[in-house]
Colleague: 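I have a structure here, written as C-alpha cells, and I will follow up with some questions on it.
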Amino acid sequence: MSNKHRRSPIDLNDGVVELAHGAGGSAMTMLISEIFYPAFNNDLLLQQNDQAIFNVDTGKLAFATDSFVVSPLFFPGGNIGSLAVNGTINDIALGGATPLYLSASFILEEGFPLKKLVIIAKTMGACAHAAGVKIITGDTKVVERGKADGVFITTTGIGVIRNQTVLSANQIMPGDCVILSGEIGDHGVAILSKRENLNFETNIISDQAALHELIQLILEVGGDHIRVMRDPTRGGLASALNELAEKSDVGFVINENKIPINSSVAAACEFLGLDPLYVANEGKLIAVVAPSAAADVLTAMRSHPLGYQAEIIGVAIEDSRFFVQMITRIGGRRIIDHLSGELLPRIC
Amino acid sequence: MMRYSEEFRYEPLAARLIDQIFVETSCHHSYRFMEFCGGHTHALARYGIEDLLPKNIEMIHGPGCPVCVLPAARIDAAIRLAKQDNIVICAYGDLMRAPGSRGNSLLRARAFGADVRMIYSPLDALKIAVSHPDKEIVFFAIGFETTTPPTALALQIAQRDKLKNFSVFCNHVLTPAAMRHILIESQSVPSQSQAINGVVGPAHVSAIIGCEPYQEIAENFDIPIVIAGFEPLDILQALLMLLRQVNTGRADIENQYDRAVADKGNYSAIVSMANTFELRDCFEWRGIGELSNSALKLSNNYYMLDAEKRFDMSAVAVPDNPACECGQILRGRKKPQECKLFGSACRPDTPLGACMVSAEGACAAHWAYGRFRDEAEAR
C-alpha cells in the first residue's frame, strides 16, 4: 500500500496532529495509511473495511477492554503504546485465553507531534508482533488543543480459551499458596520519577510486559490446581490481594520477607512516603495455586524470564472478615488494607 | 540511603531487643508508655511491634500528628479563602484530605474549581508566586517544630525578594506545650493504673529543638523520656531504655536517636524560627481543646506576609461529634476500638475525629493495620 514514488503530503518529522486528521476526509486517510497501517501491518487490517472479519475456534472466547491515559506518555521502559497493547493482552491471558486480536482507538490532541505518534504506533506494532497478536481494527478522533493530553488509547482484545481449566476467585480454598512472579512497584516508581514536580534520578524502568507465555506455562504445569491469576496493576499487590480475598470469602497471610522488591524502588518509596505494596505493576502476576502443585508451578515460573524472581509469598486462610494480614519483617502482624483515596493519578 | 533504613529493620537484632525487653519487664508491674509522635504510632502499627511486646507493656498514642490536631475551623477558613478568585492555596499532601466541617476538604474544594496545589516544600510555593504575579499564593503552613524552619526560610526569602503576592497561613504548633498538657491530665487522674510511666520522645522534632526543652518536663513530672527514631529497632531500644529507667526509679532525658539529634538541637534552625515567629496566647488543638502558649504566629516583622492579616481568615468553631472519644484516646484513657463511632460512622474515608484524620492518628493506624485483632462483630 505504500507507494515509494508518491510524495507523502503529511510531514512525519515536523508535522503535528491537525483537526482535519480526524475529520474523515483525505487527511485522515493519509494519517492512517502513513502511520497506522505500516506500524500494525497485517492481512486483516489491510482489508481496510469498517470491521475486521475472522474465523473462530469452537469453544470459549475471552473479551476485554482497557483505556490508557498515562502521564507522561513516554517513560523509562516503555510508552503509552506498549502499555495499551500489553495491558489488554494480559487481561485476556489471565483468563486462561490465548490472545488473538486487538482493536486500537486513538483520541489525539490537536498539535501533538506526528513524530511521537509514529513512535507510539511502531511500539504497538512491535509489541503485538512479539506477542503473536494482530491489531485488526481501529479508530482515530482528534480533539481541540487543550481538550486531551497528547494521546489517549483504548484497546479491546479477543482471545480463545483452548484448555479446560476454569479460573475464578471463588475457587480459592484455605491452604492455597499465593505466588508472586517478581519484584513489585517498578512501573509506578518509573512513572513517578518522570513527573514534572518530582523528577528524581533513578535507574528504575517500568516492568511492563505481555504475560501470556508465562500464564500458559503456569497453566500447563499447574492445570486444575491453578485457582485464579491476577495482575497487580493500579493499587498494586495490596489491592489485588484484597480483591481476591473478598471474591473468594477467604483471608490471606502474606510474609513481608518473601515479597521481592528492587532496592532502588524501596528507596524511592521510602523518601516519597509511598508503600510499595500499593504501587502499580504492569508486568507481574499473582497465581493462587493448590498447595500440592505450588512447588512445581514455582519452579516452572522461575524458568521463564518474566518469572525468574517468583516467590511463594503467603497462603489463604479461613477468615470470615476476609482480611489480608502480613507478617512484618520483624515478626509482628498487621493488615494490608484497601487503598484509601488515590495514590497517584494516571499511571496507566 | 537504603542500607541506612534496612539496618534499623533487621529482624535478628529486633529479636534480641525483644528478648532483653522481656528480661527487663517485671511481672509485678504494668507499664504505660506514651509515644508522642504520630510517626511512632504509625511505625508501631505498621511493623506490628505491639504483638511482640510483653502483655504488661501498654502503648498510649499521643497527639503528635499535626494534621490530626489541626482544628476543622482552620481548614474551613482555608477552604473559604481558596474559593475566592485569584487565590492559590499551597499545602502539603497529607493536608489535602483533612476534613473541615460538613465533610469539606481542600481536595473537594479543588474538585469544585478552587486552585489548590500540593507541594513538597514551601519553596515550591515561592516558585509559584514568582511565576504567577497576577495571583495571591497562600502557603497553608502546618506541623510541629520539624516543618517550622522551612516555613521560616520561605518567609525570609519572600521578605528579602519583596514578593507582594505570597503569604503564610500559620498553624505551626509546639511539642513541649502539648506534652506538658497531656502529662498534667494524666497525673490528675486518681487511679494509678491510668498514669503514664514514660514517654517515647519525638524524633524529627528533637532534631530541631534538641533534648533540653524536655528537661523541665522530666523533672516536674518525675517521668523518664527517651527520644527515639522512627524505625522498629529505634522504638524497641527506646522501650528497653524506658523500662530500665522505670525499674531503677530514674526520670531522665535519654537520647536513643543520637544519629540525628544533638542535645542542643539545630542552632541555626532555632534562631531562624525565633526571628520569624512568636508565641500565640492560645490555640485550639482538635480533640484536646484550647492550649495556652502552644502555637506560633508570624512575628511583627513579617506582618505583611501574614495571611491572617491580609485576608479574612476568621475561624468559626466546629464542635466535635459528641460521641467522638478522641479526647479520651489522645489522653490514653480509651482505645480506638472502644469508641462507638470507630469503624462505623468514622473511617479513614469519612473521618469524624482527630485520631482518624491522618494515617498517623491512633484510630487510623488501628483501622489500617490492627483491626484484625478486634473481636469479629458486625459493624
Side-chain angles (χ1 to χ4, degrees), chain A residues 189 192 195-204 238 242 245 251-258 261-278 317-345, chain B residues 1-6 8-15 17-18 42-53 92-94 96-97 105 107 117-121 124 127-128 231-233 235-236 347-351 359 364-379:
Chain A
V189 170
L192 259 187
R195 285 275 165 93
E196 262 175 54
N197 54 345
L198 294 174
N199 215 336
F200 53 92
E201 285 299 316
T202 173
N203 54 5
I204 301 158
N242 273 293
F252 290 106
V253 177
I254 302 300
N255 193 334
E256 186 172 19
N257 281 326
K258 288 286 182 192
I261 180 162
N262 177 303
S263 62
S264 303
V265 171
C269 288
E270 191 75 33
F271 75 74
L272 292 171
L274 299 175
D275 186 336
L277 293 171
Y278 295 90
I317 57 164
E318 240 175 84
D319 180 353
S320 60
R321 293 183 293 173
F322 323 137
F323 284 139
V324 179
Q325 293 181 41
M326 183 164 81
I327 299 170
T328 69
R329 61 175 75 199
I330 64 160
R333 271 188 193 234
R334 63 131 148 149
I335 297 179
I336 304 174
D337 208 0
H338 287 281
L339 185 61
S340 143
E342 176 73 88
L343 190 65
L344 321 158
Chain B
M1 174 211 155
M2 206 48 218
R3 273 219 336 268
Y4 211 63
S5 65
E6 288 299 306
F8 293 95
R9 297 167 192 174
Y10 187 51
E11 199 264 340
L13 276 182
L17 279 168
I18 290 158
H42 193 252
L44 282 169
R46 184 172 175 191
Y47 292 98
I49 292 173
E50 285 170 280
D51 284 345
L52 307 169
L53 299 177
Y92 293 132
D94 39 1
M96 303 287 279
R97 280 154 39 92
S105 66
L107 209 54
R117 304 190 191 183
M118 190 184 108
I119 56 168
Y120 280 83
S121 155
D124 295 340
K127 281 184 205 152
I128 296 172
E231 295 296 332
L233 291 190
I235 295 173
L236 289 169
R347 291 183 178 222
D349 289 337
T350 53
H366 183 69
W367 176 264
Y369 297 130
R371 72 182 189 276
F372 70 96
R373 297 190 194 89
D374 302 345
E375 278 174 44
E377 58 186 71
R379 283 195 182 275

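To find a chain, count down the sequence lines: A is the first, B the second, and so on, and within it residues start at 1.
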Colleague: If you measure from CD1 on A/Ile336 to OH on B/Tyr369, what distance do you get to the nearest 0.5 Å?
Modeller: 10.0 Å
Colleague: To check you understand the geometry: which heavy-atom pair defines the closest contact between A/Asp337 and B/Trp367, and what is its length?
Modeller: OD2-NE1, 3.4 Å
Colleague: Distance check, rounded to the nearest 0.5 Å: A/His338 atom NE2 versus B/Asp349 atom CG?
Modeller: 10.5 Å
Colleague: Donor-acceptor check, side chain of A/Arg333 to backbone of B/Asp51, threshold 3.5 angstrom: yes or no?
Modeller: no
Colleague: Ignoring hydrogens, what is the shortest heavy-atom contact between A/Ile330 and B/Leu52? Give both atom names and the distance.
Modeller: O-CD1, 3.5 Å
Colleague: Below 4.5 Å, heavy-atom pairs only: which of B/Arg373, B/Arg371, B/Glu50 has the largest tally toward chain A?
Modeller: B/Arg371
Colleague: With B/Arg46, which residues qualify under side-chain hydrogen bond (donor to acceptor under 3.5 Å, both in side chains), at least two apart?
Modeller: none
Colleague: Can you list the residues that meet the ring pair (Phe, Tyr, Trp, His ring centres under 6.0 Å) rule with A/Phe252, with sequence neighbours excluded?
Modeller: none
Colleague: Do B/Glu6 and A/Arg329 make a side-chain contact, defined as non-hydrogen atoms from C-beta onward lying under 4.5 Å apart?
Modeller: yes
Colleague: Flag the pair B/Arg9 / A/Thr328 as yes when at least one side-chain heavy-atom distance between them is below 4.5 Å, and no otherwise.
Modeller: no
Colleague: When you look at OH of B/Tyr10, are more than 12 heavy atoms from neighbouring residues, nucleotides or ligands closer to it than 6.0 Å?
Modeller: no
